[in-house]
Amino acid sequence: AMAERLTREQMAEKYPNTWLGLNNIKYVNNDGVTLESADVVYTDKSSNELLRMQITGTDGIIRWYTNENGLPLGAAGVL
């Protein structure tokens, strides 16, 4: 499957409340936290599958959850 380059807003719009497997991530001001855009590689894997890929370094995948405020769960501290 071809990866699809999307912004954070586009991801939330197209795949609301979904765990995505991303790579080639671009961060706002390279801050390493605020996602600007990325290649969406996986849209149909579970949170655990994606976490396992992230931990083992498979395909450079980073697990990301799309929700209303566009922040990954747990990354922003207390919401």
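Computed from a predicted structure; not experimentally measured.
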Name of the residue among Ile62, Thr43, Val41 meeting side-chain contact (heavy atoms from CB on, under 4.5 Å) with Leu20: Thr43
My understanding is that only one of Leu6, Val40, Asp39 makes a side-chain contact (heavy atoms from CB on, under 4.5 Å) with Leu22; could you say which? Val40
Kindly check if the number of other-residue, nucleotide or ligand heavy atoms within 6.0 Å of CD (Glu13) is above 12? no
Please indicate whether Asp31 has more than 12 foreign heavy atoms, meaning atoms of other residues, nucleotides or ligands, lying under 6.0 Å from its CG. yes
Heavy-atom side-chain contact between [X] and [Y] under 4.5 Å:
X: Met53; Y: Lys45; result: yes
X: Ile61; Y: Tyr42; result: yes
X: Arg5; Y: Asn24; result: yes

Quick one: pull up [atom1] in [X] and [atom2] in [Y] and give me the separation to the nearest 0.5 Å.
X: Arg8; Y: Lys26; atom1: CZ; atom2: NZ; value: 12.5 Å
X: Tyr27; Y: Leu35; atom1: OH; atom2: CG; value: 7.0 Å
X: Ile55; Y: Asn48; atom1: CD1; atom2: CG; value: 9.5 Å

Does the side chain of Arg63 come under 3.5 Å of the side chain of Ser47 through a donor N or O and an acceptor N or O? yes
Please check if the side chain of Asn23 supplies one atom and the backbone of Asp59 the other of a donor-acceptor pair under 3.5 Å. yes
Backbone N or O of Ser37 within a donor-acceptor pair of the Thr7 side chain at under 3.5 Å? no
With the 4.5 Å side-chain cut-off for hydrophobic clustering, are Leu51 and Trp64 part of the same group? no
